[in-house]
Amino acid sequence: MIGRLNHVAIVVPDVVAASGRYRDVLGADVSAPVALPAHGVTTVFVTLPNTKIELLEPLGADSPIAKFLERNPDGGMHHLCYEVDDIIAARDGLWAQGVRVLGDGEPKIGAHGKPVLFLHPKDFAGTLIEIEQA
């Protein structure tokens, strides 16, 4: 069902400082910060030869990652994103196997402009999983 690893998401307290470390210390290709008010985050993508790192900073106190940062003030790994060929078929297959899809089960448009869904971390060894239409 899953395809390639699209990205690893890391919550950070300061996306500009974190992206600077990736760019200046590691020599990575780093995007400009993009505010996504519908998701309550500011994102930066670090492009690697085989995948991406998504740096996430809360956008406002109501951000869905604000509590994560309260518990982990230095930041930390938030989720893994895998590509799927057909997000609706993937969702339906996951439901059939008892996997909990977060939210109302309807895909939302993610940071790449493609439909995404999140899967409950308790169903995947404590790791939040995002699936994204390839």
Side-chain angles (χ1 to χ4, degrees):
M1 177 187 306
I2 63 172
R4 73 179 194 97
L5 175 66
N6 184 281
H7 65 267
V8 175
I10 301 171
V11 174
V12 298
D14 181 340
V15 76
V16 172
S19 62
R21 295 286 291 174
Y22 274 87
R23 182 187 57 249
D24 301 337
V25 175
L26 298 176
D29 178 20
V30 177
S31 75
V34 175
L36 299 171
H39 295 280
V41 297
T42 298
T43 65
V44 166
F45 281 95
V46 179
T47 302
L48 306 175
N50 59 342
T51 192
K52 294 184 259 344
I53 304 293
E54 179 184 33
L55 302 174
L56 297 166
E57 178 183 345
L59 185 60
D62 294 333
S63 171
I65 62 169
K67 288 198 186 310
F68 180 94
L69 200 54
E70 285 175 18
R71 291 188 306 271
N72 306 280
D74 293 330
M77 206 274 299
H78 187 259
H79 68 267
L80 300 174
C81 177
Y82 300 108
E83 294 178 357
V84 296
D85 288 331
D86 180 336
I87 199 161
I88 298 301
R91 177 202 62 197
D92 293 348
L94 290 161
W95 274 343
Q97 295 178 68
V99 172
R100 290 170 280 184
V101 176
L102 299 179
D104 63 6
E106 291 303 315
K108 307 280 188 274
I109 299 302
H112 295 119
K114 297 179 179 184
V116 299
L117 288 167
F118 285 88
L119 310 178
H120 201 291
K122 289 186 178 177
D123 295 335
F124 293 96
T127 303
L128 180 63
I129 301 293
E130 178 182 19
I131 56 173
E132 177 180 281
Q133 179 87 32

Please report the shortest heavy-atom distance between A35 and L59, naming the atom on each side.
CB-CD2, 4.0 Å

Are more than 12 heavy atoms from other residues, nucleotides or ligands located less than 6.0 Å from atom CZ of R23?
yes

Please check if the side chain of S63 supplies one atom and the backbone of G40 the other of a donor-acceptor pair under 3.5 Å.
yes

Among H78, H79, H39, the one residue meeting ring-ring contact (aromatic ring centres under 6.0 Å, His included) with F118:
H79

Residue from L80, V116, L119 passing side chain to side chain contact (heavy atoms under 4.5 Å, CB included) with I131
L119

Cluster question for you: counting only ILVMFWY and a side-chain heavy-atom cut-off of under 4.5 Å, with indirect links fine, are V15 and L26 together?
yes

Please tell me whether M77 and I53 are part of a single hydrophobic cluster in this structure, the criterion being side-chain heavy atoms less than 4.5 Å apart.
yes

Shared hydrophobic cluster for V34 and V12 (ILVMFWY, side-chain gaps under 4.5 Å):
no

State plainly whether one hydrophobic cluster holds both I2 and W95, where clusters connect Ile, Leu, Val, Met, Phe, Trp and Tyr through side-chain heavy atoms under 4.5 angstrom apart.
yes

Applying the side chain to side chain contact (heavy atoms under 4.5 Å, CB included) test to L56, which of I10, L69, I65 qualifies?
I65

Heavy-atom pair of closest approach, residues A66 and P58:
CA-CG, 4.2 Å

Say whether H7 and E130, considering side chains only, have a donor N or O and an acceptor N or O under 3.5 Å apart.
yes

Among L48, T47, V46, whose side chain to side chain contact (heavy atoms under 4.5 Å, CB included) with Y22 holds?
V46

What one should report as the nearest heavy-atom pair of T42 and P33 is CG2-CB, 3.9 Å

Is there side-chain contact between F45 and H112, with heavy atoms separated by less than 4.5 Å?
yes

Looking at D62, I'd like to know if its CG atom is crowded, meaning that more than 12 non-hydrogen atoms belonging to other residues, nucleotides or ligands lie closer than 6.0 Å.
no

Under a 4.5 Å cut-off applied to non-hydrogen side-chain atoms, are V8 and T51 in contact?
no

Which is it for H120 and V99 under the side-chain contact (heavy atoms from CB on, under 4.5 Å) test, yes or no, and what are the steps along the way?
CA-CA 7 Å; H120 201 291; V99 172; over 6 Å; no

Heavy-atom side-chain proximity of V11 to N72 below 4.5 angstrom:
no

Evaluate the side-chain proximity of K114 to N6: yes if any heavy-atom separation is below 4.5 Å, no if none is.
no

Under 4.5 Å between side-chain heavy atoms, hopping through other hydrophobics if needed: is there a path connecting V41 to F68?
yes

For V16 and E57, run side-chain contact (heavy atoms from CB on, under 4.5 Å): C-alpha distance rounded to whole Å, both residues' side-chain angles, the deciding distance at 0.1 Å, then the answer.
CA-CA 9 Å; V16 172; E57 178 183 345; 5.6 Å; no

Between I87 and P115, which heavy-atom pair has the shortest distance, and what is it?
CD1-O, 3.3 Å

Taking side chain to side chain contact (heavy atoms under 4.5 Å, CB included) as the test, write out the residues that go with I88, two or more places apart.
D86, R91, D92, P107

L117 CG to Q133 CD distance, which is reported to the nearest 0.5 Å
10.0 Å

Distance col, row S19:OG vs D14:CG, nearest 0.5 angstrom, shows 8.0 Å

Under 3.5 Å, is there a donor-acceptor pair between the side chain of E83 and the main chain of G3?
no

Should L55 and V30 be marked as a side-chain contact (heavy atoms from CB on, under 4.5 Å) after you check the CA-CA gap, both sets of side-chain angles, and the distance that decides it?
CA-CA 10 Å; L55 302 174; V30 177; 5.7 Å; no

